[in-house]
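In listed order, ligands and their atoms are each counted from 1.
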Amino acid sequence: MTRLASRLREAVAAAFAAEGVPDDLVKVTPSDRPDLADFQSNAALVAARALKANPRELATRVTERLAGDPALERVEVAGPGFINLTASPAALAARATEIATESMRGASTVAAPRRVVIDFAGPNVAKPMHVGHLRSSIIGESLKRLFRFRGDMVWGDAHFGDWGFQMGLLIVACTDEGLATAFMAEDDGPFPDASPVTLEDLERLYPAAAARAKAEPEFRDRARKATAELQAGRPGYRALWAHFVAVSRTALEREFSALGVTFDLWNGESDADPLIPDMVAELKARGLAELDQGAWIIRVAEEGDRRELPPLLLVSSEGSAMYGTTDLATILQRRREQDFELALYCVDQRQADHFEQVFRAACKAGYAAADQLEHIANGTMNGADGKPFKTRAGGVLKLHDLISQATDKARERLREAELGGDLPPGEFEDIARKVAVAALKFADLSNNRTTSYVFDLDRFTSFEGKTGPYLLYQAVRIKSLLRRAAAEGATPGDIRIAAPAERDLALTLDAFAQAVEDAYERRGPHLIAEHAFRLAQAFSKFYAACPVMAAPDAETRASRLALSRAALDQLETALDLLGIATPERM
Ligand code: ARG
């Protein structure tokens with residue numbers, strides 16, 4: 001696995017070494033002027049300063065030393081001492097061949113794999129999944145795949161919101177509607193195995209109860225009491241709660257799976273609850289938790305903070321554990337169960353303070369090191385008004401409805417483009433769903449994750465421009481070319497690089513490794529999205545300029561088929577890292 005930049009850096013560094021320049025001063029990067037060269041090095045400028053030499057003269061001596069290198073077609077000095085490097089067709093062909101045969105498609109694994117927990121989506125019992133959960137789900141799924149691809153041991157955890165006040169609200173709401181009668185006994189049961197509520201019940205009961213709790217103190221107090229009794233372990237409430245959790249989770253898993261999002265763990269906030277009493281006792285005993293107006297807090301403000309970060313609320317004055325308490329206990333739980341080295345929290349940037357509090361408290365307590373906990377913040381998907389997206393009626397859009405809207409649009413788009421019409425209805429449906437998911441996910445992931453973007457289904461589903469459907473279409477086009485070739489008995493062969501579009505395609509294939517590494521380091525799937533788009537464009541230009549089946553000779557045809565195959569494999573890999581599946585045909 002030697003990417004071109006590394007291969008050329010070695011050669012350039014050796015030439016500089018012969019001129020007395022230390023290796024660590026020599027860098028080779030993709031050219032700022034791709035019209036002039038493939039790569040460039042400004043090492044002569046850097047080294048000349050250190051050696052008090054003339055940069056242009058140093059650069060000239062280095063280029064003379066590089067002159068016979070078979071990896072270089074051209075090497076030139078430009079301006080005050082830049083070195084411009086153009087790879088040779090042989091080097092490009094060798095690299096493309098490597099990429100074509102590797103399972104990593106040119107990318108590399110990490111030197112030291114880590115144990116990584118990715119906390120994403122964070123759906124809640126009874127509250128329907130809405131677009132607010134969309135970005136975290138899409139970004140988290142992509143990071144999960146990216147980290148795993150590079151060889152880390154990864155657990156994606158849904159961190160199910162199944163605890164706290166909303167459960168008390170539901171219990172009381174069910175009680176008032178007479179749905180919970182069989183669960184009211186205060187003894188150990190047994191209690192019914194069948195759920196007394198459906199998903200529709202939960203979706204109706206929860207918002208009504210939440211609203212009622214705001215207006216009626218008496219109702220709110222009963223819900224608080226029910227929450228406390230549930231948390232204290234009242235068997236009937238526990239049994240009822242287990243039904244809420246199961247009903248919600250089944251529905252949520254169905255929706256996530258329609259979006260191509262899966263989890264290795266469905267740990268709930270409730271799973272961290274048993275760790276809380278000991279944790280709180282220990283934090284008190286060590287003096288880390290302080291009593292403040294009846295509540296227990298952990299101070300997390302640090303010198304040099306630009307604004308004051310409020311303390312983490314550990315135990316409220318009413319004696320209950322809070323959101324931050326659960327997250328702190330979850331860190332302990334993950335320490336025990338996954339022994340994580342890195343935990344990524346893919347959550348809306350509006351929760352930034354919360355995570356800062358939790359992470360600082362965790363560090364203070366010695367539960368994790370500061371560099372092991374990261375909030376992977378995301379912006380929102382906005383409506384045309386620039387505010388977080390709402391439906392026309394002003395409500396939050398449910399994920400389920402979003403996917404079906406996108407699928408309707410995808411069907412329409414496919415028909416407009418006269419695609420898939422001749423395929424069996426089942427396959428057409430499958431394609432429409434894939435196009436819809438690609439549209440939503442690519443629109444999201446092509447943005448820097450912290451940037452908010454405007455929801456525009458018309459644009460997302462277009463087969464033209466920087467969209468998911470465009471990428472799928474390019475992938476499918478290569479698949480159909482390869483099928484045609486196979487039918488005609490034409491097979492891929494040795495890669496040769498001659499035409500400019502072949503050069504560009506090979507250089508683009510080579511750039512995948514860097515995109516993957518940068519995306520990994522910066523937790524930025526948009527860099528993979530960007531690469532996928534560039535690759536699709538490079539292929540499209542290649543396909544227009546370099547006939548494959550009608551190539552001038554059999555060797556050229558075999559080479560172009562091999563390049564096409566490599567482009568497809570890398571494009572599908574990149575799309576897969578974004579969580580996007582490609583249909584076989586359209
Ligand atoms: N359930 C939470 C919410 O909807 C998100 C959970 C995020 N993860 C975490 N570890 N706190 O706001």
Side-chain angles (χ1 to χ4, degrees), residues 116-141 143-144 154-167 169-170 202-203 206-207 210 227 241 244-245 248-249 251-253 255-256 261 263-273 275-276 279 300 312-314 321-338 340 342-363 367-368 372-381 388-389 396-399 449 523:
V116 183
V117 172
I118 304 188
D119 178 316
F120 70 108
N124 301 306
V125 167
K127 303 186 200 169
M129 281 266 288
H130 55 76
V131 293
H133 293 98
L134 186 71
R135 295 211 68 191
S136 159
S137 307
I138 292 176
I139 294 165
E141 176 67 28
L143 290 178
K144 183 187 81 181
V154 184
W155 291 266
D157 184 1
H159 196 70
F160 200 12
D162 64 352
W163 209 230
F165 185 55
Q166 94 229 45
M167 295 302 139
L169 282 173
L170 279 176
L202 291 179
E203 290 188 353
Y206 175 74
T227 309
W241 166 82
F244 297 157
V245 171
S248 281
R249 176 164 162 187
L252 287 167
E253 280 189 285
E255 292 190 20
F256 279 124
V261 171
F263 302 93
D264 306 291
L265 300 170
W266 267 88
N267 281 340
E269 293 179 3
S270 65
D271 290 301
D273 190 63
L275 283 79
I276 290 179
M279 180 185 81
V300 291
L312 176 112
L313 184 52
L314 190 66
M322 311 303 288
Y323 184 41
T325 324
T326 306
D327 264 322
L328 207 50
T330 304
I331 292 175
L332 282 178
Q333 185 196 6
R334 289 176 177 159
R335 179 90 308 144
R336 276 181 212 174
E337 293 175 7
Q338 285 80 38
F340 72 93
L342 179 66
L344 304 180
Y345 294 76
C346 300
V347 188
D348 194 308
Q349 60 198 2
R350 287 171 292 185
Q351 293 195 28
D353 279 0
H354 165 75
F355 286 108
E356 194 58 42
Q357 291 168 328
V358 170
F359 296 170
R360 287 190 186 182
C363 291
Y367 297 165
Q372 292 183 316
L373 302 168
E374 280 179 45
H375 177 204
I376 307 300
N378 62 263
T380 46
M381 182 171 90
F389 188 81
V396 285
L397 180 64
K398 287 196 212 164
L399 192 60
R449 65 179 154 73
R523 315 347 180 180

**Asked** In terms of residue, atom name and distance, what is the protein heavy atom nearest to atom 12 (O) of ligand 1?
**Response** Q351 NE2, 3.1 Å
**Request:** Give a yes/no on ligand 1: does F120 have at least one heavy atom closer than 4.0 angstrom to it?
**Result:** no
**Message:** Within the 4.0 Å heavy-atom shell around H133, which atoms of ligand 1 are there?
**Reply:** 4 (O)
**Request:** Kindly compute the distance separating CG (N378) from CD1 (I139), expressed to the nearest 0.5 Å.
**Result:** 4.5 Å
**Asked** Do E253 and W266 have side-chain N/O donor and acceptor atoms under 3.5 Å apart?
**Response** yes
**Message:** Any carboxylate oxygen within less than 4.0 angstrom of a Lys/Arg side-chain nitrogen, looking at R249 and D162?
**Reply:** no
**Request:** Check whether any N or O atom of Y345, backbone or side chain, sits under 3.5 Å from an N or O atom of ligand 1, and answer yes or no.
**Result:** no
**Asked** Is the F263 ring parallel, tilted or perpendicular to the F256 ring (thresholds 30°, 60°)?
**Response** perpendicular
**Asked** Backbone or side chain, does any N or O of G122 fall under 3.5 Å from an N or O of ligand 1?
**Response** yes
**Prompt:** Heavy atoms only: which of W163, Y323, F160 is nearest to atom 5 (C) of ligand 1?
**Reply:** Y323
**Message:** For atom 4 (O) of ligand 1, what is the closest protein heavy atom, and at what distance to 0.1 Å?
**Reply:** N124 ND2, 2.9 Å
**Message:** Once you measure the plane-to-plane angle for F359 and Y345, does it fall in the parallel (<30°), tilted (30-60°) or perpendicular (>60°) bin?
**Reply:** tilted
**Asked** Looking at ligand 1, does G161 have a heavy atom less than 4.0 Å from it?
**Response** no
**Prompt:** Is the backbone N or O of L312 less than 3.5 Å from a side-chain atom of R360, with the two atoms forming a donor-acceptor pair by type?
**Reply:** no
**Request:** Answer side chain, backbone, both or neither: which part of T330 comes under 4.0 Å from ligand 1, heavy atoms only.
**Result:** neither
**Message:** Give the atom numbers and elements of ligand 1 that come within less than 4.0 Å of a heavy atom of V347.
**Reply:** 7 (C), 8 (N)
**Asked** Has the side chain of D264 got a donor or acceptor atom that lies under 3.5 Å from a matching backbone atom of G156?
**Response** yes
**Prompt:** Who's the nearest protein heavy-atom neighbour of atom 8 (N) of ligand 1, and how far?
**Reply:** D119 OD1, 3.2 Å
